[in-house]
K.L.:
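Before I ask anything, let me first share the structure, which is written out below as structure tokens.
Computed from a predicted structure; not experimentally measured. Counting starts at 1 for both ligands and their atoms, in listed order. FYI, side chains are in, hydrogens and waters are out, and symmetry mates aren't considered; it's all heavy atoms of this structure.
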Amino acid sequence: MADLDVVRARALELMSRHLSPEWSFRFDTAKTRAGLCNFTKRTISVSKHLAARSTLDDVEQTLLHEIAHALAGPEAGHGEVWLVLARSIGYTGSRTHDGPVAREFARWHGECPNGHEVVRFRRPTRPMSCGKCTRRFDRRFLIEWRERSPEELAARIATPTRSARS
Ligand SMILES: [Zn+2]
Ligand SMILES: [Zn+2]
């Protein structure tokens, strides 16, 4: 359980080390992802709900993941450029796009034909194509959804999973 003041201090320290001063930090109230890099506003934010439920090490990894997005630029996605930058600043996690807690509790799991994973809390109502494979809706990259059973969710929550960020 990370103290929010400590998280903010750590965020500012890491950002001053790696980013130019026009980037700022804030908390957001997202429940389904751990962090976000907003290129338009030049902000890096961390969910206060998830921060409060994570260890400081986990939050730091979320920060490094988002800082690497800021360094790599919006076009980089979770590609090689982003990954190399992320590793160079100490990020040890995976490329996947969902918060550590979000992933564990999400009921709906989707996968595109190229194997990118997406999670949702609610049943997806419309056909959705993979955001990593295409920017516009494209049936060639449709996500195929699968619902997790309550037993499966319980088993996952009981098992520590690898953490992931957006
Ligand atoms: Zn994909
Ligand atoms: Zn990301």
K.L.:
Quick one: side chain to side chain contact (heavy atoms under 4.5 Å, CB included) partners of R140, sequence neighbours excluded?
P.N.:
D138
K.L.:
Among W23, W82, Y91, find the one that has a ring-ring contact (aromatic ring centres under 6.0 Å, His included) with H69.
P.N.:
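Passing option: W82.
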K.L.:
Salt bridge or not between D3 and R10? Use side-chain N to carboxylate O under 4.0 Å.
P.N.:
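R10 and D3: not salt-bridged.
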K.L.:
Quick check: do L4 and F27 have side-chain heavy atoms less than 4.5 Å from each other?
P.N.:
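Answer yes - side chains close enough.
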K.L.:
Can a donor-acceptor pair be found between the side chains of H116 and H78 at a distance below 3.5 Å?
P.N.:
no
K.L.:
Do you see an N/O/S atom of H78, backbone or side chain, under 2.8 Å from the Zn ion (ligand 2)?
P.N.:
yes
K.L.:
Tell me the protein N, O or S atoms under 2.8 Å from the Zn ion (ligand 1), in chain and number order.
P.N.:
C112 SG, H116 ND1, C130 SG, C133 SG
K.L.:
So does G90 get a backbone contact from the side chain of Q61, meaning a donor-acceptor N/O pair under 3.5 Å?
P.N.:
yes
